[in-house]
There are 2 protein chains.
Amino acid sequence: MTLEIPEVVINRLPVYARALAALAMDGETVVSSQTLGERLDVTPAQIRKDLSYFGRFGKQGRGYNVLGLLAKLREILGLDRKWQVALVGVGRLGQAIAEYGGFEPQGFQIVAVFDSDPAAVGTTVNEVVVRDSEELDTFLRQNPVDIGVVAVPAHAAQQVVDRLVNAGIRAILNYAPMMPHVPLDVAVRNIDPVLAMQSMTFYIKRQDLTGAK
Amino acid sequence: MTLEIPEVVINRLPVYARALAALAMDGETVVSSQTLGERLDVTPAQIRKDLSYFGRFGKQGRGYNVLGLLAKLREILGLDRKWQVALVGVGRLGQAIAEYGGFEPQGFQIVAVFDSDPAAVGTTVNEVVVRDSEELDTFLRQNPVDIGVVAVPAHAAQQVVDRLVNAGIRAILNYAPMMPHVPLDVAVRNIDPVLAMQSMTFYIKRQDLTGAK
DNA sequence: TCCCTGTTGTTACGGATTTCACAACCGTAG
DNA sequence: CTACGGTTGTGAAATCCGTAACAACAGGGA
């Protein structure tokens with residue numbers, strides 16, 4: 001029953017949750033799939049269908065209780081608790097990630113940072129001491145870490161991913177410009193702005209007879 | 001005939017292109033859909049199908065000429081030329097983007113940077129002077145810019161997106177944690193690490209009885 | 001030349017996802 | 001207490017996408 005929920009559906013739930021949080025901020029107490037859909041550019045039917053995978057949360061004629069549905073989604077997604085994150089790579093990108101303030105408020109705590117560069121090891125990034133990558137395996141086995149964030153050069157990324165996986169990590173946020181190879185039971189999300197740009201250019205290349213010839 | 005190419009297909013092309021570039025680096029001159037697929041965790045059939053939307057690039061019994069196919073893909077995607085990028089928002093995130101070295105080598109040049117904070121205006125980020133956001137519209141009309149990158153707080157993002165769109169920008173890379181509303185002919189890609197994490201937690205929440213032993 | 005191996009391009013199939021459409025229902029107003 | 005406007009939850013239909021399968025063909029070797 002709870003099985004076979006499409007991944008696309010799971011990917012949309014956090015979007016709904018965020019919108020609901022915003023609505024709650026605005027003081028809204030009830031919202032219909034129609035209204036929510038307009039906000040998110042999603043059809044009302046899709047929202048209702050997505051939610052129906054998990055239960056019946058609405059009230060006919062009224063819509064959904066904003067706070068109630070938000071709580072439900074957070075529970076479904078496991079956002080009702082804190083998550084421990086380990087960051088590997090403290091180059092420019094890694095530092096930016098460590099110092100990014102968006103994770104903490106959502107319950108994602110960077111509890112450990114690793115780098116293979118001896119010059120970086122021992123320094124502090126956002127109040128966390130940088131450890132030697134060699135310690136990665138032992139640290140992960142001794143401390144509860146749920147999610148690994150990879151911010152190393154592409155050529156080193158697969159090795160890092162392998163080590164994370166071998167140490168039991170089952171969720172990886174990959175910033176390296178490559179597609180990691182992982183077992184089926186490991187979740188991976190790639191953050192790849194260059195790929196994103198490179199697919200957009202297809203759509204804008206037609207026109208743009210701009211300036212330079 | 002060339003119309004109605006699924007967006008998912010377009011999104012995979014840059015991945016193929018990147019893999020081909022890597023193969024070329026390794027000195028490979030020919031590659032089969034089989035081999036390429038193994039590298040990327042994609043079925044050979046999918047690769048062939050994707051490519052078939054654009055033409056016939058392979059040779060039976062041999063496979064694809066690495067350099068030849070790469071050139072074709074770059075042409076299809078419009079990667080065979082330079083693209084001008086404008087960045088809006090020079091907070092921590094915006095600075096990290098401006099200083100990120102991954103765009104330039106792929107032909108994406110940040111030619112202008114904007115911020116609404118008077119304290120930031122006039123400073124230099126990665127050799128580009130920060131302009132006042134007020135100048136956004138006039139600048140975009142007078143200078144060829146192809147892609148807009150949004151790195152402002154969520155509450156200000158829609159307004160920035162609207163201004164970019166009104167100024168004729170038709171491709172937007174959005175780093176703000178929100179879903180921008182844009183006309184159908186504008187391409188948008190969202191970079192949202194928090195959403196990515198929030199969907200992964202669904203898959204790892206089952207086990208992980210935290211810390212234990 | 002002819003056969004054998006390997007691989008493409010493509011069509012047909014099937015599965016996955018989205019959209020449609022509507023019965024069931026809630027709350028309110030009369 | 002009944003009627004009505006509004007909205008959900010959901011099966012069925014439609015669409016979109018991926019996979020399988022195979023005829024066609026290239027190159028090499030006998």
Side-chain angles (χ1 to χ4, degrees), chain A residues 1-16 19-20 23 28-70 72-73 76 179 184 199 202-203, chain B residues 1-13 15-16 19-20 23 28-73 76 179 184 199 202-203:
Chain A
M1 209 217 216
T2 188
L3 270 166
E4 303 321 326
I5 295 165
E7 182 165 333
V8 276
V9 172
I10 301 300
N11 290 339
R12 278 191 294 265
L13 297 187
V15 180
Y16 299 160
L20 288 166
L23 285 167
E28 301 290 334
T29 59
V30 181
V31 68
S32 67
S33 58
Q34 172 74 41
T35 307
L36 189 57
E38 281 167 11
R39 273 222 182 197
L40 299 172
D41 260 330
V42 170
T43 65
Q46 177 150 85
I47 293 175
R48 294 201 300 275
K49 184 100 193 185
D50 286 350
L51 297 178
S52 77
Y53 281 102
F54 303 95
R56 307 154 71 116
F57 310 117
K59 207 174 261 186
Q60 278 129 333
R62 302 281 298 151
Y64 301 88
N65 177 291
V66 172
L67 255 23
L69 182 55
L70 176 55
K72 269 295 175 194
L73 288 179
I76 291 165
M179 296 298 187
L184 262 45
S199 63
F202 173 82
Y203 295 101
Chain B
M1 208 219 215
T2 189
L3 269 165
E4 303 323 324
I5 295 165
E7 184 167 332
V8 276
V9 172
I10 301 301
N11 290 339
R12 278 191 294 265
L13 297 188
V15 180
Y16 300 160
L20 287 167
L23 285 167
E28 301 290 335
T29 60
V30 181
V31 68
S32 66
S33 59
Q34 171 75 40
T35 306
L36 190 57
E38 282 166 11
R39 274 221 182 198
L40 298 172
D41 259 331
V42 169
T43 65
Q46 177 149 85
I47 293 174
R48 295 202 300 276
K49 184 98 193 263
D50 286 350
L51 297 178
S52 76
Y53 281 101
F54 303 95
R56 307 154 70 118
F57 310 117
K59 204 173 266 186
Q60 279 129 331
R62 302 282 295 151
Y64 301 88
N65 178 291
V66 171
L67 256 24
L69 182 55
L70 176 54
K72 268 295 175 194
L73 287 179
I76 291 165
M179 296 297 187
L184 263 45
S199 64
F202 174 82
Y203 294 102

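Each chain gets a letter, A, B and so on, in the order the sequences are listed, and its residues count up from 1. Reckoned from all heavy atoms, side chains included, excluding hydrogens, waters and symmetry mates.
Summary of the strand contacts: Thr43(A) and Leu51(B) both lie near DNA chain C, and taking for each the nucleotide with the nearest heavy atom, the more 5' one is attributed to Leu51(B).
Dashed line: the shortest gap from a side-chain N or O of Arg56(B) to OP1 or OP2 of dA26(D) is not under 4.0 Å. Look at Ser33(A) and you won't find any side-chain N or O under 4.0 angstrom from OP1 or OP2 of dT7(D). For the OP1/OP2 pair of dA24(D) and a distance below 4.0 Å, the side-chain nitrogens and oxygens of Gln60(B) include no atom meeting the criterion.
In terms of heavy-atom proximity, Val66(B) sits nearest to Leu23(B) at CG1-CB, 4.2 Å. Closest of all the heavy-atom pairs between Phe202(B) and Ile76(A) is CD1-O, 3.3 Å. Contact between Arg62(B) and Val30(B) at its shortest, heavy atoms only, is O-CG1, 3.5 Å. For the residue pair Phe57(B) and Leu51(B), the shortest heavy atom distance occurs at CE1-O, 3.6 Å. For the residue pair Ile47(A) and Ser33(A), the shortest heavy atom distance occurs at CD1-O, 3.7 Å. Heavy-atom minimum distance, Val31(B) versus Leu36(B): CG2-N, 3.9 Å.
Nearest nucleotide to the Lys59(B) side chain, out of dA20(D), dA26(D), dG18(D): dA26(D). Set against dG18(D), dG9(D), dA20(D), the side chain of Arg48(A) has dG9(D) as its closest nucleotide. Closest to the side chain of Ser52(A), out of dT19(D), dT10(D), dA26(D), is dT10(D).
A straight line from CZ of Phe57(A) to C1' of dT8(D) spans 13 Å, rounded to a whole angstrom. Residue Asp50(A) contributes atom CG, which lies 13 Å from atom C1' of dT10(D) at whole-angstrom precision. As rounded to whole Å, 15 Å separates atom C1' of dC17(D) from atom CD of Glu7(A). One interatomic measurement links the two molecules: CZ of Arg12(B) to C1' of dG18(D), which rounds to 8 Å at whole-angstrom precision. Summarising the geometry, the separation between CD1 on Ile5(B) and P on dC17(D) is reported as 12 Å, rounded to the nearest angstrom.
Residue Ser199(B) holds its OG atom at 4.5 Å from CG of Asn11(A), rounded to the nearest 0.5 Å. Ser32(B) contributes atom OG, which lies 9.0 Å from atom OH of Tyr64(B) (distance to the nearest 0.5 angstrom). The line from CZ of Arg12(B) to CD of Gln46(B) is 3.5 Å long, rounded to the nearest 0.5 Å.
Here chain B contacts DNA chain C (any atom closer than 4.0 Å to a heavy atom, that is under 4.0 Å), and the contacts span dG6(C) to dA12(C) from 5' to 3'.
Using a 4.0 Å cutoff on non-hydrogen atoms, the parts of residues 62-70 of chain B near DNA chain C are Arg62(B), Gly63(B), Tyr64(B), ordered by number.
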